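Position 1 is the first residue of the sequence, and the numbers go up from there. Being a predicted model, the structure only gives us computed values, none of them experimental. Heavy-atom basis, side chains included; hydrogens, waters and symmetry copies ignored.
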Amino acid sequence: PARPWIDPGLYDPAKYREAAVEAGLMRAAAAVTKSAEATTLEDYSKTSVTTQLLLWGSDETLSLPVTVATTVWDVKLMLGQRLAVEPTGTMNFVTKQGCYWREQLDHEEIRRKVWVRGIKTFERERVEHPHPIAVIGAGHIGLRQAMIFLKHRQTNFVVFDRKPKVGGQSWWDQANTTSKLQTELGVYHLNFDETLPPPKSDYPWPSRNELLEHFAACAKEYGLLPYCRLSTNVKHLDSSGFDALSQRMNNKWDTKYELTLERTDAPKGKRQETHFQASAVMLYPGNLSIPRRDTYKGEDIFLEAGGCIAYGMFDELDYSEIRGKNVAIVGHGAFAVENVRSCMEYDAGQLYLVCRRKNLSMPRYVSWLINQSKSPVSAGLTLDAMSPMYDLVGFDQWSYYAVQSNAARTNCSIQQKVRFGIGDVYFLAISWGKLEVIEDPLGVKRVAERTMFCGSGRKLDVDAILKLLGFVGNAENDRLMRIKEMVGFWVNGDPKRYLVAEPISVMATNFGGTSFSPGAIQWSEMGMHFVHYPMDFYGIVETGMLPRHKAEGEDRPAYVVDARYGTSSMILVAAMVPWLGERGLVEGKLKHERMWALHPIDKYLKYCKEDWDHYCTKMRAEGRSGPEYPYTSEVARRYLDAAEAEHRKGLAAAEAKMG
């Protein structure tokens with residue numbers, strides 16, 4: 001991989017050129033002479049140049065963008081930060097002057113070609129571990145972690161998963177066969193990396209089986225399978241050798257972790273245990289994994305009368321059984337919104353969505369608008385862009401419990417306990433009279449023969465009940481990793497025990513994405529960095545700014561953190577580790593490029609309208625009528641222009657702040 005680019009932090013040549021044009025100082029290179037009175041000494045000292053550093057006694061070189069006024073000490077500080085070494089007493093810069101060699105002093109301007117003595121390489125030396133790195137989980141982040149390791153020539157790792165195939169728990173277990181990706185493929189694929197090509201398909205919403213095929217194909221194509229031990233459960237972890245103080249004081253990182261393994265493809269009574277020594281452990285347990293369950297009074301009567309009660313996940317229900325039947329969907333999270341689409345696909349009868357309070361659902365176009373953005377989209381614009389859909393159903397999105405705004409609705413934030421359900425069919429079903437949303441703070445009171453009674457007295461005639469009550473965390477993950485407290489994403493402040501599960505909830509005033517791959521690559525690079533350079537971790541901990549989280553009961557283990565916790569952790573770490581900060585800029589640009597490469601606006605709107613029209617045809621066959629797809633090209637481009645205007649305004653404000 002290419003070396004991380006070093007930002008000298010001194011000068012932006014593009015900005016200088018723009019300023020020079022405005023001041024009338026830009027001229028052709030041939031006219032720049034000693035008599036050019038308009039070019040002041042200060043202007044000249046800020047001119048951008050390149051210095052070539054050559055390693056003494058080696059062929060290794062490093063080119064640095066600097067300014068004329070950059071000193072030797074400035075470059076020593078850059079190298080010291082890059083290599084995590086003290087710049088004093090170790091590095092000497094020498095340059096050739098005629099037939100002589102002379103050492104450059106710290107206060108002198110750096111020459112254009114300099115030899116560096118006192119260091120072995122321009123690459124930072126990473127900690128070499130005696131045992132492999134254990135990665136638990138072969139889902140999206142686990143496979144991405146493997147790809148990041150191989151990209152950076154780290155081959156001493158093993159990926160464990162209890163499943164016989166890669167893909168992860170969320171898609172193998174939780175999703176139904178009917179499930180589809182709610183966000184866009186452009187920001188949800190394993191080869192989300194600037195060094196890898198995008199997927200060949202441009203269809204935005206692949207099915208569960210298509211995604212599992214994608215994971216398997218990438219694992220094979222990029223050589224991940226030899227590093228995977230599938231059908232293997234990590235049963236126990238012994239971390240008794242960890243001593244944070246000793247590691248820091250002695251700069252020794254030889255702590256080992258003993259994993260107890262068992263094969264899951266053997267009968268339970270015949271599973272033999274084996275042991276595995278690891279130098280670091282990374283756990284990616286997937287999203288919240290245990291469904292929240294509830295039993296309603298009278299369920300036995302409902303079932304005896306031929307009714308159907310199921311959880312709308314895990315392929316627990318054969319959706320063909322609800323064809324023509326009235327269905328009550330209990331819940332209002334992302335899975336509940338997904339089940340509206342599944343019920344319509346299988347031609348269910350009248351649909352009711354029963355919830356204690358409505359959560360914000362997001363139209364597909366708004367998800368696209370956020371994911372293609374060059375900088376985060378404000379919550380205000382996000383809500384405004386939802387208006388074409390919310391106007392169809394007669395709901396005011398600004399009045400939802402999750403929205404906090406001023407009276408003029410010019411500033412706002414969104415704080416919602418669950419993530420957005422993303423999809424258009426939810427709005428279509430309401431606007432065509434197929435779906436009724438029933439908001440009842442008392443929830444479901446009881447059920448009887450083909451009847452559901454809501455807490456506030458509403459009576460619904462239904463033949464099937466689908467429960468989508470959300471998920472809770474799995475306390476077994478806390479027990480496995482021996483978690484007393486999460487410090488950022490690190491277990492008990494141990495830089496070599498890393499645990500990431502996608503943070504829950506929505507808490508933001510700006511939105512930079514609704515999908516997983518941009519976060520997955522950042523989490524993977526972050527975990528790798530501190531395994532390679534564990535000493536960096538303690539400098540961050542000492543700031544006291546990394547958030548901490550302890551278990552809040554069995555339903556909220558320590559590893560389950562909310563969106564604010566996750567965002568603040570990532571922002572702090574990226575700010576204090578230059579390489580991670582630079583990678584964030586690269587990946588932000590990549591997000592925009594992938595979205596426009598796979599989903600340019602007109603093509604994306606075409607797919608959205610085709611999907612809308614497909615379900616409209618079903619509605620007309622039932623004798624219903626309703627509106628057409630509301631996001632025309634004109635409407636969509638108006639919101640796109642607003643997002644780009646926000647981006648330009650943000651850049652101008654940043655430049656003004658920098659002077």
Side-chain angles (χ1 to χ4, degrees), residues 176 178-179 182 291-303 305-314 316-317 319 321-362 389-390 392-397 399-402 416-423 425-472:
N176 299 310
T178 60
S179 296
Q182 292 193 3
R292 194 184 300 276
R293 297 185 180 273
D294 194 9
T295 302
Y296 305 132
K297 182 180 179 181
E299 284 192 10
D300 53 341
I301 300 173
F302 189 90
L303 293 170
C308 172
I309 299 177
Y311 288 86
M313 58 192 79
F314 308 118
E316 186 173 307
L317 173 69
Y319 284 84
E321 295 180 5
I322 62 172
R323 184 169 281 111
K325 296 181 178 180
N326 295 346
V327 180
I329 300 171
V330 184
H332 203 290
F335 247 117
V337 171
E338 171 69 19
N339 268 263
V340 171
R341 187 195 60 79
S342 297
C343 289
M344 291 186 65
E345 190 66 36
Y346 281 84
D347 301 316
Q350 183 64 35
L351 303 177
Y352 303 95
L353 196 151
V354 182
C355 58
R356 294 181 183 274
R357 57 182 180 179
K358 291 183 294 190
N359 293 305
L360 282 170
S361 296
M362 180 175 286
M389 279 296 187
Y390 276 86
L392 290 186
V393 300
F395 296 165
D396 177 14
Q397 69 271 31
S399 67
Y400 278 47
Y401 83 91
Q416 184 167 283
K417 287 191 173 181
V418 299
R419 290 190 299 275
F420 298 118
I422 301 172
V425 177
Y426 166 82
F427 299 97
L428 181 148
I430 299 172
S431 62
W432 282 68
K434 179 74 170 180
L435 170 68
E436 180 183 355
V437 178
I438 300 171
E439 191 173 13
D440 190 330
L442 300 179
V444 178
K445 183 177 181 181
R446 63 185 179 91
V447 297
E449 182 177 339
R450 298 188 182 279
T451 308
M452 171 183 282
F453 296 91
C454 298
S456 298
R458 179 76 183 273
K459 176 183 175 182
L460 305 176
D461 296 327
V462 296
D463 307 294
I465 299 172
L466 299 183
K467 299 177 183 178
L468 286 304
L469 308 177
F471 293 86
V472 297

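No option in L317, I309, V330 other than L317 meets the side chain to side chain contact (heavy atoms under 4.5 Å, CB included) test with L466.
In this structure, the separation between CG on L353 and CD1 on I329 is 5.5 Å, given to the nearest 0.5 Å. Of the inter-residue distances, the one linking L468 atom CG with N339 atom CG reads 4.5 Å to the nearest 0.5 angstrom. Remark: F335 CZ to L469 CG distance equals 12.5 Å, nearest 0.5 Å. In this structure, the separation between NZ on K445 and NZ on K297 is 8.0 Å, given to the nearest 0.5 Å.
Closest approach of I322 and A464 over heavy atoms only: CG2-CB, 4.1 Å. E338 and T178 make their closest contact through OE2-O, 3.7 Å (heavy atoms, listed as atom of the first residue, atom of the second, distance). Contact between R356 and P441 at its shortest, heavy atoms only, is NH1-O, 2.9 Å. D440 approaches C454 most closely through the heavy-atom pair OD2-CB, 3.2 Å. Closest of all the heavy-atom pairs between A305 and R450 is O-NH2, 3.0 Å. Taking all atoms of both residues into account, the shortest heavy-atom contact from V447 to E299 is CG2-N, 3.6 Å.
Residues Y426 and V437 form a side-chain contact, since some pair of their non-hydrogen atoms from C-beta on lies under 4.5 Å apart. Side-chain contact between Y319 and E345 is absent, with no heavy-atom pair separated by less than 4.5 Å. Looking at Y390 and L360, their side chains come closer than 4.5 Å, going by heavy atoms from C-beta outward. Looking only at side-chain heavy atoms (C-beta outward), L460 and I438 come within less than 4.5 Å of each other. The shortest distance between side-chain heavy atoms of V337 and F420 does not fall below 4.5 Å.
R419 places no side-chain N or O within donor-acceptor distance of the main-chain N or O of A334, the cut-off being under 3.5 Å. Judged by distance alone, with hydrogens and angles left aside, the side-chain atoms of E316 form a donor-acceptor pair with the main-chain N or O of Y311 at under 3.5 Å. Between the E439 side chain and the K358 main chain, a donor and an acceptor come within less than 3.5 Å of each other. Between the N359 side chain and the H332 main chain, a donor and an acceptor come within less than 3.5 Å of each other. Judged by distance alone, with hydrogens and angles left aside, the side-chain atoms of K434 form a donor-acceptor pair with the main-chain N or O of G349 at under 3.5 Å. S179 contributes a side-chain N or O that, together with a main-chain N or O of N176, makes up a donor-acceptor pair within less than 3.5 Å. Listed for the D463 side chain is a donor-acceptor partner under 3.5 Å among the backbone atoms of N326. In this structure, the side chain of Q182 engages the main chain of I422 through a donor-acceptor pair within 3.5 Å.
In this pair, F395 and Y400 present their aromatic rings tilted. The plane angle is within the 30 to 60° band.
Under the 3.5 Å distance criterion, with hydrogens and angles disregarded, no donor-acceptor pair is assigned to the side chains of D461 and Y352.
Stacking of K467 on the aromatic ring of Y296 is recorded, both the 6.0 Å distance cut-off and the 45° axial limit being met.
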Test side chain to side chain contact (heavy atoms under 4.5 Å, CB included) applied to M344 and V425, step by step: CA-CA 9 Å; M344 291 186 65; V425 177; 3.3 Å; yes
